[in-house]
Amino acid sequence: MTAATRIEIDEAVSALAAGRLVAFPTETVYGLGADSTSDEAVARVYEAKGRPVFNPLIAHLPDLAAAERLVVFTDAARRLARAFWPGPLTLVLPRTADCPVSLLASAGLETLAVRVPDHPLALSLLRAVGRPLVAPSANPSGQLSPTTAQHVRDALGNKVAVVLDGGPCRVGVESTVVDLSGERPVLLRPGGVPAESIDAILGPLAMPGEGPIRSPGQLESHYAPAAAVRLNAAEARPGEALLAFGPTSSPALNLSPAGDVVEAAANLFSYLRRLDRPGITAISVMPIPEHGLGRAINDRLRRAAAPRPGSAS
Ligand code: TXA
Ligand code: MG
């Protein structure tokens with residue numbers, strides 16, 4: 001770690017100890033971090049994002065041992081943690097009796113979501129601060145998640161004490177969320193760990209559609225640019241901006257000319273931002289295959305295209 005980074009982390013630790021918000025990079029997207037053990041700091045996260053208070057937050061830890069102090073692990077949960085942490089996987093588990101994390105982060109549920117991010121700056125910060133940090137994606141609620149420090153400064157700059165800059169996020173879509181608090185594991189959000197990789201360890205996961213809504217993050221409209229979004233487009237209609245995928249003769253911005261879903265995930269949010277200009281009628285997106293990270297990409301695109309709250313349709 002450079003001396004400059006050390007100074008920035010010290011600054012971030014002081015801000016967090018004072019109950020202020022710190023944005024930091026993870027391998028997935030930038031997080032809006034706060035001291036999870038302080039009700040006031042956690043409340044500030046909801047306020048800064050304009051996030052509905054019924055939508056719970058993820059506690060971020062430096063390692064599995066730290067996570068075991070907050071939630072009760074099952075065998076299956078431990079197997080997943082050993083396979084994918086640090087990495088883009090979030091586990092929802094029952095809170096321990098003496099869990100120090102603010103109940104606000106659980107939003108009235110008996111469970112807490114936990115994850116160990118795979119980013120050197122995030123891990124240094126978590127170790128230095130010595131307590132779990134809640135960190136939703138560092139964007140106003142409903143909008144696109146940030147994959148660069150500049151995205152955070154643009155949207156929430158006046159609400160955070162420090163923005164740690166780790167460059168563009170490697171994965172580009174949020175963590176996969178698996179609920180292990182019930183009888184069967186349920187995939188609550190497809191994300192950076194492909195569902196196929198989890199199936200390989202636990203057997204096939206139940207999909208959230210198969211039961212009642214268990215994650216408030218399953219709300220329809222989300223991850224939305226200002227422009228409308230049209231899916232499975234072959235080409236742009238007049239007035240639209242095309243977001244291409246795979247080999248094509250189109251000069252449009254292309255998520256992955258080679259047709260690689262991993263590359264496409266890393267580019268997704270920043271390319272949507274680039275095309276989100278006033279005056280266009282919609283961003284039209286070419287089809288993305290529904291395998292690997294393609295599932296997370298299509299989940300985000302479907303929500304970006306869903307009817308917006310307050311819109312007529
Ligand atoms: O990759 C990520 O997970 C990023 C980075 C910053 O770590 N964070 C992130 O947080 O995406 P957020 O708050 O934007 O999304 C958290 C998701 C939401 O869909 C929320 O509803 C769900 O996790 N969640 C959190 N706690 C839960 C719980 N106890 N039960 C069910 N779902 C939960
Ligand atoms: Mg989010």
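Only this structure's heavy atoms are used, side chains among them; waters, hydrogens and symmetry mates stay out. Counting starts at 1 for both ligands and their atoms, in listed order.
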Applying a heavy-atom cut-off of 4.0 Å, say which part of [X] lies close to ligand 1: side chain, backbone, both or neither.
{"X": "T111", "answer": "both"}
{"X": "R51", "answer": "side chain"}
{"X": "P56", "answer": "both"}
{"X": "L188", "answer": "side chain"}

For ligand 1, which atoms have a heavy atom of [X] less than 4.0 angstrom away?
{"X": "L109", "result": "28 (C), 29 (N), 30 (N)"}
{"X": "S175", "result": "1 (O), 2 (C), 3 (O)"}
{"X": "A135", "result": "6 (C), 8 (N), 10 (O)"}
{"X": "T28", "result": "1 (O), 2 (C), 4 (C), 5 (C)"}

Open item on the list: Under 3.5 Å, is there a donor on one side chain and an acceptor on the other for R115 and T28?
Closed with: yes
- [ ] Verify whether one side chain among E174 and S137 offers a donor that lies under 3.5 Å from an acceptor in the other.
- [x] no
TODO: Determine whether any heavy atom of D179 lies closer than 4.0 Å to an atom of ligand 1.
DONE: no
TODO: Could you establish whether S106 and ligand 1 come within less than 4.0 Å of each other, counting only heavy atoms on the residue side?
DONE: no
Open item on the list: I'd like to know if the side chain of N254 reaches the main chain of G246, judged simply by a donor and an acceptor atom lying under 3.5 Å from each other, with no hydrogens or angles considered.
Closed with: yes
Open item on the list: Checking the N or O distance criterion of under 3.5 Å, is ligand 1 in contact with S137?
Closed with: yes
Open item on the list: Check this for me - ligand 1, E174, N or O atoms closer than 3.5 angstrom, yes or no?
Closed with: no
TODO: With the side chain counted from C-beta on, respond yes when L156 and L21 share a heavy-atom pair under 4.5 Å apart, and no when they do not.
DONE: no
Task: Heavy-atom side-chain contact between F245 and V261 under 4.5 Å - done: yes
- [ ] Output, in order, the C-alpha distance, side-chain angles, deciding distance and verdict of salt bridge (Lys or Arg N to Asp or Glu O under 4.0 Å) for R189 and D299.
- [x] CA-CA 8 Å; R189 177 175 75 181; D299 168 79; over 6 Å; no
Open item on the list: In terms of relative ring orientation, are W85 and F73 parallel, tilted or perpendicular, with 30° and 60° separating the classes?
Closed with: perpendicular
Open item on the list: Using 0.5 Å steps for rounding, measure from the CZ atom of R300 to the CG atom of L293.
Closed with: 10.0 Å
Open item on the list: For E40, is the CD atom crowded, meaning more than 12 foreign heavy atoms sit under 6.0 Å from it?
Closed with: no
Open item on the list: Below 2.8 Å, can you find an N, O or S atom of S137 next to the Mg ion (ligand 2)?
Closed with: yes
Task: Option whose closest heavy atom lies nearest to atom 12 (P) of ligand 1, chosen from A59, P88, G31, P136 - done: P136
